[in-house]
Number of protein chains: 2
Amino acid sequence: MAARRPITTPRKQASQERSRVTVDALVEATARLLVRDGFDKASTNRIAQEAGVSVGSLYQYYPSKEALVAAVIDRHNRELMQVVRAALAEVAALPIEKAVRKLVVTAIDAHRLDPKLHRVLAEQIPRTGRLEKVAAFNRDYFILFRDFLESHRDELRAVDLELAAFVCVTSIEALTHTAVLHRSEMLSDEMAETLVDEATRLLAGYLMPREGGRTRQLRRYS
Amino acid sequence: MAARRPITTPRKQASQERSRVTVDALVEATARLLVRDGFDKASTNRIAQEAGVSVGSLYQYYPSKEALVAAVIDRHNRELMQVVRAALAEVAALPIEKAVRKLVVTAIDAHRLDPKLHRVLAEQIPRTGRLEKVAAFNRDYFILFRDFLESHRDELRAVDLELAAFVCVTSIEALTHTAVLHRSEMLSDEMAETLVDEATRLLAGYLMPREGGRTRQLRRYS
DNA sequence: ACACAATGCGAGCGATAGCTCATATTCAGA
DNA sequence: TCTGAATATGAGCTATCGCTCGCATTGTGT
């Protein structure tokens, strides 16, 4: 028996130009409605209307509301990963403390890409059944970060890299997420910078060997 | 004009014994159904049925499904806070590193009180509109933890206690939550202990002054 | 110019949701 | 014992949901 197509998969490819427009409008409208009205009140009828398209067309391309939301999530995750990937590349050669600081800043920036959408996706999408995709981003981030740690192994204290990556990614994500989405008063002034300092200290202190400040850096040239 | 009663407030007090039983059954049934079927499929009709009560009775005491869920959340939060409060009391006299370790262990225990319910509350309840109560727990935890830090100020490096409490609470919560609810394989073996070690190092390293290990403890007797 | 495929339409189906209200039952106090 | 208040009942209302299907319109290849 053929593998059952997940119900969050788009129904068919748009081959003509006008249908591509339709599909884009649908995803865009979904994102707008998610932000404006939230997940529950974003009905397929409303989405179609907002997109200037009929419900029938909607169901030509997406078999369910979940599939539509999944498309929005995928798009958002791609944007996030792009930012994170760029930062990790840019930072690869830096000493770990500088690198970590830059990564914290990036995490905050990423949350500011589209904060309202991010918040809806994080807080209103039922993360069970077919829509576990919300967590997919963190998994990807985790893998990239582990590789990053691996390439800086000589600057680190002896660690289980898997575990360390888990600790770091989870902490960064939680701190920046909460700060941006629930304590936005923190982010206005120089508070943002202070938060970056603190987060950097948290992670750098965790990753780097104890005893004195700049010792181990020599090793990098051995 | 009188303050408008929030729609998550119970409708009336139960004065007779049998109605108290009804109310308890409703809350209990709601929790069970949330776990078994999730938020969306837990309809008021089903909840009433599960409680062995009619819908009408349900609406005598709770004006909406949200109010019922809010009651479940409150109950769960009270249980969590009880555990946390006890731990913080027990730990007040310990040196900060021991204290932090114990608090991490407690956080894990707290997540294990009723993991399935906790997961549903964390992942399926729309945290907008009337049901922001999910976040209330973290606020309470934050305040208690800030007081804890304050009473250990002499063991700490110079810090903004507000900010430090935010960093610590957010990190502990995220690490233990993710570990218990999304990486349960981590928690089976001695991995749990390793995680505790790591989390403790993360926070202790962040809170305590740099340079050498056990220096500052002298100050505690000054 | 013609035929067939691709795309678009939207009234309306069945299901289920949250919730009300007229009515019945049980309890507490006199 | 009797009466009014408290409590319990559940059929059924309205609204909205996700989604289908028969048909109209537009595009493509020949």
Side-chain angles (χ1 to χ4, degrees), chain A residues 5-30 33-34 37-72 124-126 129-131, chain B residues 5-30 33-34 37-72 124-126 129-131:
Chain A
R5 171 193 299 250
I7 317 187
T8 47
T9 293
R11 214 160 215 169
K12 66 181 184 188
Q13 295 284 70
S15 71
Q16 300 179 5
E17 175 62 16
R18 64 175 166 151
S19 64
R20 254 212 52 256
V21 172
T22 299
V23 170
D24 284 358
L26 283 171
V27 177
E28 184 55 36
T30 304
L33 275 190
L34 282 178
D37 302 338
F39 179 79
D40 285 337
K41 324 202 100 173
S43 72
T44 49
N45 280 301
R46 263 201 266 276
I47 291 173
Q49 187 180 25
E50 172 84 13
V53 151
S54 85
V55 226
S57 298
L58 185 157
Y59 280 96
Q60 292 238 335
Y61 299 102
Y62 295 95
S64 68
K65 176 183 173 181
E66 266 120 341
L68 217 28
V69 174
V72 173
Q124 284 191 50
I125 307 294
R130 312 157 177 168
L131 280 172
Chain B
R5 173 193 295 251
I7 317 186
T8 47
T9 292
R11 214 160 217 167
K12 68 178 182 188
Q13 295 286 70
S15 73
Q16 299 179 7
E17 174 61 16
R18 63 176 168 150
S19 63
R20 254 212 52 255
V21 171
T22 299
V23 170
D24 283 357
L26 283 170
V27 176
E28 183 55 35
T30 305
L33 274 190
L34 282 178
D37 302 337
F39 179 79
D40 285 338
K41 325 203 101 173
S43 72
T44 50
N45 279 301
R46 263 201 265 277
I47 290 174
Q49 186 181 25
E50 173 83 14
V53 150
S54 84
V55 227
S57 297
L58 186 157
Y59 280 96
Q60 292 238 337
Y61 299 101
Y62 295 96
S64 68
K65 177 182 171 180
E66 266 121 339
L68 217 27
V69 174
V72 172
Q124 283 191 50
I125 308 293
R130 311 159 178 165
L131 279 173

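Below, chain A is the first sequence line, B the second, and so on; all start at residue 1.
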Participant: For C/dT7, does either OP1 or OP2 sit under 4.0 Å from a side-chain N or O belonging to A/Ser19?
Facilitator: yes
Participant: Which value, rounded to the nearest 0.5 Å, describes the distance between A/Leu26 atom CG and A/Leu68 atom CG?
Facilitator: 6.0 Å
Participant: Rounded off to whole Å, could you give me the CD1-to-C1' distance for the B/Ile47 and C/dA17 pair?
Facilitator: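 Nearest whole value for this atom pair: 12 Å.
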Participant: If I take atom CG in residue B/Leu58 and atom C1' in nucleotide D/dT7, what distance separates them, rounded to the nearest angstrom?
Facilitator: 14 Å
Participant: For the side chain of A/Gln124 and the backbone of A/Phe39, is there at least one donor-acceptor N/O pair under 3.5 Å apart?
Facilitator: yes
Participant: Phosphate oxygens OP1/OP2 of D/dA8: is one of them under 4.0 Å from a side-chain N or O of B/Thr22?
Facilitator: yes
Participant: A/Arg20 has an atom CZ; how far is it from atom C1' of D/dG27, in whole Å?
Facilitator: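 About 16 Å, once rounded to whole Å.
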Participant: Between B/Thr44 and B/Tyr62, is any pair of side-chain heavy atoms under 4.5 Å apart?
Facilitator: no
Participant: Output the single nucleotide from D/dT9, D/dC19, D/dG10 whose closest atom is nearest the side chain of B/Val55.
Facilitator: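 For B/Val55, the side-chain atoms sit closest to D/dG10.
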Participant: Rounded to whole angstrom units, what separation is found between the CD atom of A/Gln60 and the C1' atom of D/dA24?
Facilitator: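 Atom-to-atom, A/Gln60 to D/dA24, this comes out as 13 Å.
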Participant: When you check the phosphate oxygens OP1 and OP2 of D/dT20, does a side-chain N or O of A/Tyr59 lie under 4.0 Å from one of them?
Facilitator: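 No, outside the criterion.
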Participant: Please determine whether a side-chain nitrogen or oxygen atom of B/Arg46 lies at a distance below 4.0 Å from atom OP1 or OP2 of C/dA17.
Facilitator: yes
Participant: Distance-only check: which donor-acceptor pairs under 3.5 Å involve side-chain atoms of residues 47-57 of chain A, not counting sequence neighbours?
Facilitator:
from, atom 1, to, atom 2, distance (Å)
A/Glu50, OE1, A/Arg36, NH1, 3.4
A/Glu50, OE2, A/Arg32, NE, 2.7
A/Glu50, OE2, A/Arg32, NH2, 3.2
A/Glu50, OE2, A/Arg36, NH2, 3.2
A/Ser54, OG, A/Gly56, N, 3.3
A/Ser54, OG, A/Ser57, N, 3.3

Participant: Distance from B/Asp40 atom CG to A/Asp40 atom CG, nearest 0.5 Å?
Facilitator: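 That separation rounds to 6.0 Å.
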Participant: What's the closest nucleotide to the side chain of B/Ser64 if the choices are D/dC19, C/dC19, C/dG8?
Facilitator: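 Of all the options, the side chain of B/Ser64 is nearest to C/dC19.
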Participant: Tell me: CD of A/Gln49 to C1' of D/dC17, nearest whole Å?
Facilitator: 15 Å
Participant: If you assign B/Lys65 and B/Gly56 each to the DNA chain C nucleotide with the nearest heavy atom, which residue ends up on the more 5' nucleotide?
Facilitator: B/Lys65
Participant: Nearest of D/dT7, D/dG10, C/dG8 to any side-chain atom of A/Ser57?
Facilitator: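 Comparing D/dT7, D/dG10, C/dG8 against the side chain of A/Ser57, the answer is C/dG8.
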Participant: Calculate the interatomic distance between A/Leu33 atom CG and D/dC17 atom C1'; express it in whole Å.
Facilitator: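 Answer to the nearest Å: 15 Å.
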Participant: Please pick, from D/dT7, C/dG10, D/dA11, the nucleotide with the shortest atom-to-atom distance to any side-chain atom of A/Ser54.
Facilitator: C/dG10
Participant: I need the residues from residues 37-45 of chain B with at least one non-hydrogen atom less than 4.0 Å from DNA chain C; give them sorted by number, or say none.
Facilitator: B/Ser43, B/Thr44, B/Asn45
Participant: Kindly write out the residues that satisfy side-chain hydrogen bond (donor to acceptor under 3.5 Å, both in side chains) with B/Thr22, not counting sequence neighbours, or none if the list is empty.
Facilitator: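 side-chain hydrogen bond (donor to acceptor under 3.5 Å, both in side chains) check on B/Thr22 returns nothing, list empty.
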Participant: I need the OH-P distance between A/Tyr62 and C/dG8, as an integer number of Å.
Facilitator: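 Spelled out: OH on A/Tyr62 to P on C/dG8 is 12 Å.
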Participant: Listed by chain and number, what are the side-chain hydrogen bond (donor to acceptor under 3.5 Å, both in side chains) partners of B/Asp24, not counting sequence neighbours?
Facilitator: B/Arg20
